[in-house]
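In what follows, a structure is listed as structure tokens, so that the remarks can point back to it.
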Amino acid sequence: MAGISRPRGTEDLLPEPLARLNRVLAAGLQVARAHGYRQIETPIFESTDLFVRGVGESTDVVTREMYTFPDRGGRSLTLRPEGTAPVVRAFWESPLRQDPLPVRISYSGPMFRYDRPGKGRYREFHQFGVEVLGESEPEVDAEVIGLAWRWLERLGVSGTSLQLNSLGDRECRPAYRAALLEFFEPRMAALPELDRERLRRNPLRVLDSKELAGSGILDQAPRTLDHLCSGCREAFERVQEALEALGIPFAVNHRLVRGLDYYARTAFEVWHQELAGAQNALFGGGRYDGLSELLGYPPLPGVGFAAGLERVAMISAPPPQPMGPELAVLSAPPADQKAVVALADRLRAAGMAVLLDAGVRGLRAKLSFAERSGVRLALILGESELRERTVTVRRMSGRTQASVPLDGLEERLRALLGTGGSAEEGTS
RNA sequence: GUGGCUAUAGCUCAGCAGGUUAGAGUGCCAGGUUGUGGCCCUGGAGGUCGAGGGUUCAAGUCCCUCUAGCCACCCCA
């Protein structure tokens, strides 16, 4: 087809997929609220520097995945690739900084990464995440993980596993890094090009190398967990104890390394067995105690996670039923169209979801349309009804109908529809 | 960014070894009931065969480039 097509890696969210996404998001917001988190939203674009400094210059995200552009004032802006750095920035730039710590925040919205698209991977995708700012006690790490887990439970998702690791902090990480380099130094020649590159730029990343996965070499490599300082070791134990208290199963995975630079201590991911190998991460998160300073703000510890809504939606059950209008108002030509329009408006004002089918099209076609739209009741308004100040209310399922006076119509309809017109699900 | 597979109607796909006006199912519209729906019947609209170039008397079909999707890497959500 000719015409302009959508940019690579983007999607039009049509009613069905959007309903799924909204349902997943609504559940997340609900669980977050139950944990005392308040929702915020940050801009979709930010100063490029926020991500370069926050996410880390050597990361894939910054080196090749950012949508960066100059605006008309010559500033370098970037469509946000992730949400944590913006939340920390927003905290410091707002009255939130005066709130009693810790501050608990949830956020959601589109993120952008110039990556090669595939199933479960888009250039524009949607995340839901939470952050706890100003608290270094390890129990909040478990709280954040627990929140994520309860969210999945609420969605009825199964087949997931929680991978947990500790990356050490600025006290013990340098020593570990050195040990890792020392271990690989004599083996450099045997390493694939890619892994040599990793060791140069970001040594920890070599741990989740797929090239080396089967070689056994990683099994001999020093482990982060053996090099933790006492503070990190104690914290990691407390995280695990708290998870046990929550009854959440986890697997300690000493090869789990997060891709962004700002993580310290707790790192975790939730994987799903049915998603494709590299795209099996439903969420990722961890502690980022040094991030605030990287951004040029005072020290502020933090933990959080972010989840990909598309991926979670992919493995969660579809919504019970698509929500359409509950009744249709049909004109039977040659009825007075004004009366039909007014009736639909009157019923909408009474809180009902009303589909209007006016015009000269035949009643047969209109009923067919009403049928396929899934409405439960069709209100037929024609010349005879107008003359008698009534409306014909037809129940679609039973093909039965009755004449109802226009006066007090709302009451009768509510009774027929049963309790409560269904409300809309939350939108993003 | 690398490699492989794919691209025909809104959707799912046929299209035989290159040969005249490109097909099916489904969906859409209308009629079969000038006021009554899901089935059925009849008719209709809808395609620059992803885009551009090339080979050939002739290209949906062969070749090249580009674009997009999927899969495997890389990596993440």
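Convention: sequence-line order gives letters A, B, ...; per-chain numbering from 1.
- Nucleotide B/rU26 has B/rG10 as its partner under the Watson-Crick or G-U criteria, with both atom distances under 3.5 Å.
- Donor-acceptor pairing under 3.5 Å is lacking for the side chains of A/Gln401 and A/Thr392.
- Residues A/Tyr288 and A/Glu131 bring a donor and an acceptor atom of their side chains to less than 3.5 Å of each other.
- The base of B/rG69 lies outside donor-acceptor range of the side chain of A/Glu11, with no N or O pair under 3.5 Å.
- Among the protein residues, A/Arg361 comes within range of the sugar-phosphate backbone only, with heavy atoms under 4.0 Å from sugar or phosphate atoms but none that close to a base.
- The base-pairing partner of B/rG31, taking Watson-Crick or G-U wobble contacts with both distances under 3.5 Å, is B/rC41.
- Taking 4.0 Å as the cut-off between side-chain N and carboxylate O, A/Arg361 and A/Asp357 count as a salt-bridged pair.
- Listed pair A/Arg387 / B/rG35 fails the phosphate criterion, with no side-chain N or O lying under 4.0 Å from OP1 or OP2.
- A/Glu82 comes within contact range of no nucleotide atom at all, as no heavy-atom separation falls under 4.0 Å.
- Atom CD of A/Glu385 and atom P of B/rG35 are 12 Å apart (whole Å).
- If you check every strand for non-hydrogen atoms under 4.0 Å, A/Met111 touches nothing.
- Each of A/Glu143, A/His35, A/Glu135 was checked for a side-chain hydrogen bond (donor to acceptor under 3.5 Å, both in side chains) with A/Arg104, and the lone residue meeting it is A/Glu143.
- Checking B/rC57 for Watson-Crick or G-U wobble geometry (two distances, each under 3.5 Å) identifies B/rG19 as its partner.
- RNA chain B is contacted by both A/Phe125 and A/Arg8; A/Arg8 maps to the nucleotide lying nearer its 5′ end (nearest heavy atom per residue).
- Using atom P as the reference point in both B/rA9 and B/rA51, the two lie 10 Å apart (nearest Å).
- Contact annotation: side chain of A/Arg64 to base of B/rC74, donor-acceptor pair present below 3.5 Å.
- For B/rU61 and B/rU65, the P atoms lie 16 Å apart once the distance is rounded to whole Å.
- A donor-acceptor contact closer than 3.5 angstrom links the side chains of A/His126 and A/Glu310.
- Residue contacts shown for A/Ile380 include a base, since a base heavy atom lies under 4.0 Å away.
- Nearest nucleotide to the A/Arg121 side chain, out of B/rC71, B/rC74, B/rA30: B/rC74.
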Handout entry: Criterion ring pair (Phe, Tyr, Trp, His ring centres under 6.0 Å) on A/Phe283 and A/Trp271, from CA distance to verdict
Key = CA-CA 7 Å; A/Phe283 330 9; A/Trp271 295 350; over 10 Å; no
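- When rounded to the nearest whole Å, the span between CE of A/Met66 and P of B/rA77 equals 15 Å.
- A donor and an acceptor atom sit less than 3.5 Å apart, one in the side chain of A/Arg399 and one in the base of B/rG38.
- Using a 4.0 Å heavy-atom cutoff across all strands shown, A/Gly9 reaches sugar-phosphate atoms only and no base atom.
- The environment of A/Tyr297 atom OH is dense: over 12 non-hydrogen atoms of other residues, nucleotides or ligands sit within 6.0 angstrom.
- Nucleotide B/rC66: paired with B/rG50 (Watson-Crick or G-U wobble, both distances less than 3.5 Å).
- Taking the C1' atoms as reference points, B/rG43 lies 32 Å from B/rA7, given to the whole Å.
- The base of B/rG3 lies close enough to the side chain of A/Arg116 for a donor and an acceptor atom to sit less than 3.5 Å apart.
- When the P atom of B/rA30 is taken as reference, atom NZ of A/Lys366 falls 11 Å away, rounded to whole Å.
- Using P as the reference atom, B/rU21 and B/rC13 are 28 Å apart when rounded to the nearest Å.
- Checked against B/rA77, B/rA30, B/rU36, the side chain of A/Ala281 finds its nearest nucleotide in B/rA77.
- Using a 4.5 Å heavy-atom threshold, the side chains of A/Leu29 and A/Val31 count as separate.
- Distance check on atom C1': B/rC49 versus B/rG35 gives 45 Å, rounded to whole Å.
- Between B/rG44 and B/rG4, the distance separating the two C1' atoms is 43 Å to the nearest Å.
- Within the nucleic acid shown, A/Pro334 has no heavy atom closer than 4.0 Å to any nucleic acid atom.
- Here, B/rG69 and B/rA17 have their P atoms 32 Å apart, quoted to the whole Å.
- Counting non-hydrogen atoms under 4.0 angstrom, A/Glu310 reaches nothing in the nucleic acid.
- Across the protein-nucleic acid pair, A/Leu363 atom CG and B/rA30 atom P stand 13 Å apart, rounded to whole Å.
- Taking atom CG of residue A/Leu379 and atom P of nucleotide B/rG35, one finds them 19 Å apart after rounding to whole Å.
- Nucleotide B/rC73 forms a Watson-Crick or G-U wobble pair with B/rG1, both donor-acceptor distances falling under 3.5 Å.
- Nucleic acid contact for A/Gly382: base, since at least one base atom lies under 4.0 Å from a heavy atom of the residue.
- Across B/rC71, B/rA77, B/rU36, the shortest atom-to-atom separation from the side chain of A/Tyr122 is found for B/rA77.
- Residues A/Arg364 and A/Leu381 each lie close to RNA chain B; by heavy-atom proximity, the contact nearer the 5' end of the strand is made by A/Arg364.
- For the pair A/Asp357 CG and B/rC29 P, the computed distance is 11 Å after rounding to whole Å.
- If you take CG of A/Leu367 and C1' of B/rG31, they are 17 Å apart, rounded to a whole angstrom.
- Rounded to a whole angstrom, the distance from the C1' atom of B/rC28 to that of B/rC71 is 34 Å.
- For A/Ser384, the side-chain atoms get nearest to B/rG35 when compared with the rest of B/rC71, B/rG35, B/rC29.
- Look at CG on A/Asp115: it is 14 Å from P on B/rA68, rounded to the nearest Å.
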